[in-house]
Undergrad: 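Sharing a structure here in structure tokens format.
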Amino acid sequence: MDQEQIRVLLVEDNLGDARLVQEMLAESKNYIFDFSHVESITKAYSSITKNHYDVLLLDLSLPDSIGLDTVQSLVTVNPDLPIVVLSGTSDEKTAMDAVQNGAQDYLVKGQGASAMLVRSLRYAIERKRSEQKVSYLAQYDVLTNLPNRALFYDRLKQAIKRATRSSKKGALMLLDLDNFKDINDRLGHVAGDQLLVELSNRLRNCIREEDSLSRLGGDEFTIILNDVKDKRDTSFVARKIKKAIKKPIQIDGHEIFISTSIGIVLFSNENDIPEALIKHADMALYAAKEKGRGVYVYYKDKMDISVTKRINMINDLHFALDRDEFELYYQPQIDLASGKLLGMEALIRWQHPQLGLLPPSKFVHLLEETGLIIAISDWVLSQACKQNCLWQKEKLAELRIAINLSSRQFHQKNLLKSVRKILHETNLLPKYLQIEVTESTLMTNCQESIMILSELRALGIQLSIDDFGTGFSSLSYLRLFPFQELKIDRTFVKEIATHSNVEKIIAAVITLAHGLDMQVIAEGVEMEEQLPFLVENGCDGVQGYLFSKPMSATVCNKWLAKNGGHLLPIPCNNE
Ligand code: C2E
Ligand code: MG
Ligand code: MG
């Protein structure tokens, strides 16, 4: 068997003692000791900086250093080197103190033989290793091997010092993965962990050696950029990160799409304290989430106020459902060929006690974040079904009603059960119900989406793909999903009669959708001039302010009494 080699440096001014140690080590049968010897602490410093040793044997009374100071200064010079202290019988107490101050073991001279000395050296090496492991765990995240919150904080302090000294700036980026909790819940924690590891590798590849990436926990990461000239530098990195995260990830046979929101704050001198920077980056991150996820936002002074507002809003949202503050508005969809009413889309509103009537853009993301959105989906569904039944009962109209489901609502475990239950309770025939989902909802997990959609379809519910053109627009994927309808997003429709290449896209989408047996609805039609193009290209239906804005139930009833079931030959703009 190969004998293990251990490199020892003895620091000892007494030559007799030194020779004795050397002889004792030579007696060992299990180890080969590569032995070196110096007589002073000064020589020890230079020796340990030039050479590698496995362990240091240290006499506590040297000509140029005595007692505990000796140990402490050596630990400072090389914190990774295990130390065994040698003491006389009279200063055994000091030797024990030395162990508390960074040495791994001690021996009293003249006590014990070769075996004991060897055991002590081995023990010191092992102990150092476990100390290092503990300190690693205190500073690094086990899953991703990235620095954790504690070490991040340290590095941020260093980066601030560095920026203060130099003419360049530093930047702190706070990242939070969008919908990660959702994906984690659905795929399980093992897959969630795999995802985090993959994403942390991608992030690592986006930054330079001198920058630093940490994981604060969960799906929160930070990046510190050093030597930044201006915003352009940081925006470049932010864009690179967005792109890297967006690429699909294969996990357990699932193709996962994820995006990240980023909050950024720049710093340049010692007035920038870590706590404030983190808080500001956090505010910028929230602003990024509000802007619609997958974006980066720089911190601005005014953000302080908007965070308070946000916290108040979240508080209020917790009571909104019980206080009956939500309301559905309805917007008609019209058949282009006949001018007849095709259906209604239900759109949520929040009647806020102080702020008045709020559109979904002001609160749906907050519902998502707090998880309240799940409860809301049941409410919307049942409210819409009840309303539709009423219209039919009162002979106002016989049509389908569309509701919108966000990704989180769509992928919740109980969706099918809820839908079945609500249809049963309200007695609405499934063919009068339509569910709208967006492309990105489908792409968070294609396979699962196909399953959910097929089951909804099996119930007899109509399915519509919303905001088409704004997401991944993967036309090849479209054929995998059982949709009956495709809604072209407003941003495209807006360009009709102005930009011919957008018109070409719309025409192609209509042809493609028809090829897949889907009806096409144009969203956000505001001007009469848009109609001829849509008619010519065979678009099936339209929805937009040109015909009617979304209406409260009361207004909608009147509108239906006037227009429902009748032809709508001339566009009329109702408020
Ligand atoms: P969406 O499903 O694409 O709904 C169409 C949005 O376009 C509605 O905005 C509607 O008011 C607006 N719109 C319709 N015609 C026109 C037009 O001619 N011009 C312009 N500029 N806008 C028009 P709204 O009601 O603010 O809803 C925004 C989004 O919020 C919806 O987009 C939908 O994604 C989401 N949303 C609405 N209600 C719900 C809900 O109950 N649950 C969920 N999860 N999301 C909802
Ligand atoms: Mg919609
Ligand atoms: Mg839409």
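We count ligands from 1, going down the list as the structure has it; atoms in each ligand are counted the same way. Side-chain atoms are counted along with the backbone in the values below, which use heavy atoms only and exclude waters and symmetry mates. In this chain, residues are counted from 1 in sequence order.
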Undergrad: Which atom, counting only N, O or S, brings Glu436 closest to the Mg ion (ligand 2)?
TA: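 Result: OE1.
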Undergrad: Specify which N/O/S atom of Asp466 comes nearest to the Mg ion (ligand 2), by atom name.
TA: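 Closest N, O or S atom of Asp466 to the Mg ion (ligand 2): OD2.
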Undergrad: In terms of side-chain heavy atoms, does Tyr296 have a donor or acceptor partner in Thr234 at a distance below 3.5 Å?
TA: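 Not at all, the side chains of Tyr296 and Thr234 share no donor-acceptor pair under 3.5 Å.
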Undergrad: Could you list the atoms of ligand 1 found under 4.0 angstrom from a heavy atom of Gly524?
TA: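 Listed by number with element: 15 (N), 16 (C), 17 (C), 18 (O).
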Undergrad: What's the separation between atom CD1 in Ile521 and atom CD in Glu436, rounded to the nearest 0.5 Å?
TA: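 Here the rounded value is 8.5 Å.
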Undergrad: Which ligand 1 atoms, with their elements, are less than 4.0 angstrom from a heavy-atom of Pro550?
TA: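 Within the 4.0 Å cut-off of Pro550, ligand 1 contributes 11 (O).
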Undergrad: Lys549 near ligand 1, heavy-atom distance under 4.0 Å?
TA: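 The answer is no: ligand 1 sits nowhere under 4.0 Å from a heavy atom of Lys549.
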Undergrad: Does a donor on one side chain and an acceptor on the other come within less than 3.5 Å for Thr438 and Asp467?
TA: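 Short answer, no.
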Undergrad: Any non-hydrogen atom of Ser361 lying under 4.0 Å from ligand 1?
TA: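 Under 4.0 Å: no for Ser361.
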Undergrad: May I ask you to check if any N/O/S atom from Glu523 comes under 2.8 Å of the Mg ion (ligand 2)?
TA: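 Here the distance criterion (N, O or S atom, under 2.8 Å) is not met by Glu523, so no.
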Undergrad: Looking only at side chains, do His254 and Glu448 share a donor and an acceptor under 3.5 Å apart?
TA: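 There is no such pair between these side chains.
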Undergrad: Which N/O/S atom belongs to Glu345 and is the closest one to the Mg ion (ligand 2)?
TA: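 Of all N, O or S atoms in Glu345, the Mg ion (ligand 2) lies closest to OE2.
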Undergrad: Would you mind listing which atoms of ligand 1 come within a distance below 4.0 Å of any non-hydrogen atom of Val525?
TA: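 Answer, ordered by atom number: 18 (O).
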Undergrad: On a heavy-atom basis, I'd like to know which of Leu381, Asn404, Leu328 is closest to atom 42 (N) of ligand 1.
TA: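 Considering heavy atoms of Leu381, Asn404, Leu328, the nearest to atom 42 (N) of ligand 1 sits in Asn404.
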Undergrad: Which ligand 1 atoms are under 4.0 Å away from a heavy-atom of Ser406?
TA: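 Within the 4.0 Å cut-off of Ser406, ligand 1 contributes 44 (N).
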Undergrad: Taking atom types as modelled and ignoring hydrogens, do the side chains of Gln351 and Asp324 form a donor-acceptor contact shorter than 3.5 angstrom?
TA: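 Asp324 and Gln351 do not have a side-chain donor-acceptor pair below 3.5 Å.
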Undergrad: Measure up the His280 and Tyr299 rings against each other and bin them: parallel (under 30°), tilted (30 to 60°), perpendicular (over 60°).
TA: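 Parallel.
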Undergrad: Looking at ligand 1, is there an atom of it that comes within less than 4.0 Å of some heavy atom belonging to Lys487?
TA: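 For ligand 1, residue contact (heavy atoms, under 4.0 Å) with Lys487 is absent.
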Undergrad: May I ask you to decide if the ring planes of Trp350 and Phe326 are parallel, tilted or perpendicular, using 30° and 60° as cut-offs?
TA: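 Judged by the thresholds at 30° and 60°, the geometry between Trp350 and Phe326 is tilted.
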Undergrad: For residues Gln462 and Gln434, is any side-chain donor paired with an opposing acceptor at under 3.5 Å?
TA: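 No, no side-chain donor-acceptor contact under 3.5 Å.
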Undergrad: Which residue from Phe326, Trp379, Tyr545 reaches closest to atom 17 (C) of ligand 1 through any of its heavy atoms?
TA: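 Heavy atom nearest to atom 17 (C) of ligand 1 belongs to Tyr545.
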Undergrad: Out of all atoms in ligand 1, which are within 4.0 Å of some heavy atom of Val380? Include the element for each.
TA: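 Those of ligand 1 that fall under 4.0 Å from Val380 are 41 (O).
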Undergrad: Under 3.5 Å, is there a donor on one side chain and an acceptor on the other for His411 and Asp185?
TA: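 Judged by distance alone, the side chains do not pair up.
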Undergrad: Please list, in number order, the atoms of ligand 1 under 4.0 Å from a heavy atom of Glu526.
TA: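 Close to Glu526: 17 (C), 18 (O), 19 (N), 20 (C), 21 (N).
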Undergrad: Does one side chain, of Ser406 or Glu368, offer a donor that lies under 3.5 Å from an acceptor on the other?
TA: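 Yes, because at least one side-chain N or O of Ser406 sits under 3.5 Å from a partner of the opposite role on Glu368.
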Undergrad: Using a 3.5 Å cut-off on N or O atoms only, is Ile348 in polar contact with ligand 1?
TA: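 Among all N and O atoms of Ile348, at least one is under 3.5 Å from an N or O of ligand 1.
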Undergrad: Looking only at non-hydrogen atoms, find the nearest pair between Pro482 and Leu463 and report the distance.
TA: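 It is O-CD1, 3.4 Å.
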Undergrad: Below a 4.0 angstrom heavy-atom separation, can you tell me which part of Ile376, side chain or backbone, both or neither, approaches ligand 1?
TA: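 Neither part.
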Undergrad: So, is Arg490 polar-close to ligand 1, with some N/O to N/O distance under 3.5 Å?
TA: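 Yes.
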Undergrad: Is Asn404 close enough that one of its N/O/S atoms sits under 2.8 Å from the Mg ion (ligand 2)?
TA: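 Of the N, O and S atoms in Asn404, at least one lies under 2.8 Å from the Mg ion (ligand 2), which means yes.
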Undergrad: Has Asp467 got an N, O or S atom lying less than 2.8 Å from the Mg ion (ligand 2)?
TA: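 Checking the Mg ion (ligand 2) against Asp467, no N, O or S atom falls under 2.8 Å.
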Undergrad: Run the numbers for me: atoms of ligand 1, each under 4.0 Å from some heavy atom of Asp467, listed by number.
TA: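 Selected atoms, number and element: 3 (O).
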Undergrad: Is the closest side-chain donor-acceptor distance between Ser261 and Asp178 under 3.5 Å?
TA: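 There is such a pair between these side chains.
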Undergrad: Of all the atoms in ligand 1, which lie at a distance below 4.0 Å from a heavy atom belonging to Gln409?
TA: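 Checking each atom against Gln409, I get 43 (C), 44 (N).
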Undergrad: If you measure only the distance, is there a donor-acceptor pair under 3.5 Å linking the side chains of Arg204 and Asn201?
TA: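 Yes, a side-chain donor-acceptor pair sits under 3.5 Å.
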